[in-house]
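These notes concern the structure reproduced below.
As the structure lists them, so they are numbered: ligands from 1, and atoms in each ligand from 1. These values consider heavy atoms only, across backbone and side chains, with no hydrogens, waters or symmetry-generated copies. This is a predicted model, so every value here is computed, not measured.
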Amino acid sequence: MSKLERILKRVYEAPLPEAADLERLLSLNEREDIEAIFSFADKVRREFCGDGIALRGIIEFSNFCQRECAYCGLNKGNRAIQRYRMSKNELLKAVKDLDCRNIKTVVLQSGEDSRLDASWLEDVILEIKSGFDMAITLSVGERSEHDYRTWKNAGADRYLLKIETSDEGLYSSLHPHMDFSRRLDCLRILKGLGYQTGSGNIIGLPGQTPESIARDIIFFKRGDFDMIGIGPFIPHQSSSLAGRQKGDPLLSLKTVALTRIVTRDTHIPATTALGSLERDYRMEGLKCGANVLMPNFTPRPFRDLYEIYPGKKCVDEPVGECDICTQGMAEALGRFIDHSRADSLKMRMRQVSGALPR
Ligand code: SF4
């Protein structure tokens, strides 16, 4: 067994891997080393998730936001974008589009909109649940325990609240007036309420170190999250990080691969951000650990206005084109589109066997 294989085995088998091991793997750039890491991750993905590629249809229903995240084009200081809130009817029509394409998860996403009324979203959830056989993921930021409970009781299944970075100092510098411990409290509350809970990070943030990414991966393992979204940093011209260097696609892919190896049975998307660099890296993501794609079902004219970063993939495609694109990716990889709800795999695979993947 080579030295690299020994480290990969150690990282895979450890109840909590060493940050130094992960850092070392993240620093490798030789082609054969990368291939060994990606191939190991792909085997873990096959062993724990199978060959299905799950689909999550995303609807971005409001781009209002009260936050000032340094990397995001929706930050409240950006006066250059036109803000919108979709009506309930517009949103439900988009859900119908998604249902017609046999997609069984809708992700309802918005900026952290202070005027998002909890009862309005509760009604939307109730209507979706009564009209469609569909899992609902919410991604609307930090809210009160009361709101989280209201939506869970109405039928919401999952909640996505990315940590973006587990490095508290870096988190504070990127999120003015936000509190890292509050973020952690929200995650605890969501888990306590029984949501399938998602986290994730951004790769290539100014000030981020390989050690910090290694610690993100350990954070994901400790948190036992049901889904983890990893995307490269893409600077937005109307954010405080305008003009900074983009995240490195290879480092992003290595983070996907190591997150798969360490967390094993988590749903990991080949994120839209991974598809929005100088070329589309989602296929590579699917080859090194990812098992989910997230087609965009936000209708026009709203879709163009949800610009968290520039050059976002799939903004120009007609909604139906996603079928061709996702099917094409699955076929090219010898895999298939999974049209089930694809709920958390943690429920049936919480036991960690310690055995190497076949
Ligand atoms: S990342 Fe989310 S919370 Fe932060 S500014 Fe963008 S939309 Fe708002």
Side-chain angles (χ1 to χ4, degrees), residues 56 58-86 91 107-116 118 121 137-144 147-148 151 158-168 170-187 189-190 197-208 216 227-242 244 246-247 252 269 271-274 276 294 296 298 302-313 315:
R56 316 303 196 196
I58 185 159
I59 302 172
E60 298 146 333
F61 65 90
S62 162
N63 71 351
F64 279 88
C65 190
Q66 60 180 331
R67 300 293 190 187
E68 301 159 75
C69 304
Y71 44 81
C72 178
L74 300 191
N75 71 81
K76 80 168 182 191
N78 182 5
R79 312 251 179 261
I81 56 166
Q82 188 188 332
R83 303 281 175 170
Y84 72 87
R85 283 187 192 95
M86 285 169 60
L91 201 158
V107 181
L108 302 179
Q109 186 166 76
S110 70
E112 213 166 291
D113 185 350
S114 55
R115 286 179 53 194
L116 170 63
L121 188 53
T137 303
L138 301 178
S139 176
V140 300
E142 295 178 14
R143 300 284 298 206
S144 67
D147 290 354
Y148 289 153
W151 299 331
R158 308 173 191 150
Y159 204 102
L160 187 57
L161 187 72
K162 288 172 69 184
I163 195 74
E164 312 299 6
T165 171
S166 64
D167 176 332
E168 190 170 351
L170 183 58
Y171 183 93
S172 302
S173 71
L174 296 169
H175 301 96
H177 315 299
M178 289 179 76
D179 183 357
F180 187 73
S181 61
R182 164 83 183 128
R183 195 82 170 174
L184 298 183
D185 283 346
C186 285
L187 286 168
I189 291 167
L190 290 164
T197 307
S199 186
N201 64 350
I202 302 175
I203 303 300
L205 289 163
Q208 188 181 47
D216 289 350
M227 49 228 189
I228 296 167
I230 297 160
F233 165 62
I234 303 176
H236 192 281
Q237 64 282 4
S238 300
S239 71
S240 50
L241 295 178
R244 304 298 285 268
K246 275 185 194 173
S252 306
T271 53
T272 307
L274 210 42
S276 307
M294 301 185 74
N296 192 330
T298 310
F302 310 117
R303 194 191 296 196
D304 308 343
L305 302 174
Y306 201 88
E307 195 186 69
I308 43 183
Y309 50 80
K312 200 164 141 199
K313 182 80 188 160
V315 163

Margin query: Could you go through Asp113 and Ser62, starting from their C-alpha distance and side-chain angles, then the distance that decides it, and tell me whether this counts as side-chain hydrogen bond (donor to acceptor under 3.5 Å, both in side chains)?
Written below: CA-CA 7 Å; Asp113 185 350; Ser62 162; 2.8 Å; yes
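Around atom 6 (Fe) of ligand 1, protein N, O or S atoms at less than 2.8 Å comprise Cys72 SG.
The ring pair (Phe, Tyr, Trp, His ring centres under 6.0 Å) check on Phe233 picks up nothing, with sequence neighbours excluded.
Taking both residues in full, the closest heavy atoms of Ser139 and Gln109 are given as OG-NE2, 3.1 Å, listed atom of the first, atom of the second, then distance.
Proximity of a side-chain donor or acceptor of Asn201 to a complementary backbone N or O of Thr165 within less than 3.5 Å is not detected.
Residues Glu60 and Lys312 are paired through a salt bridge, judged by an N-O separation under 4.0 Å between the basic side chain and the carboxylate. Salt-bridge annotation for Arg67 and Glu142: present, with a side-chain N of the basic residue lying under 4.0 Å from a carboxylate O of the acidic one.
The protein does not reach atom 2 (Fe) of ligand 1 closely, with no heavy atom under 4.0 angstrom from it.
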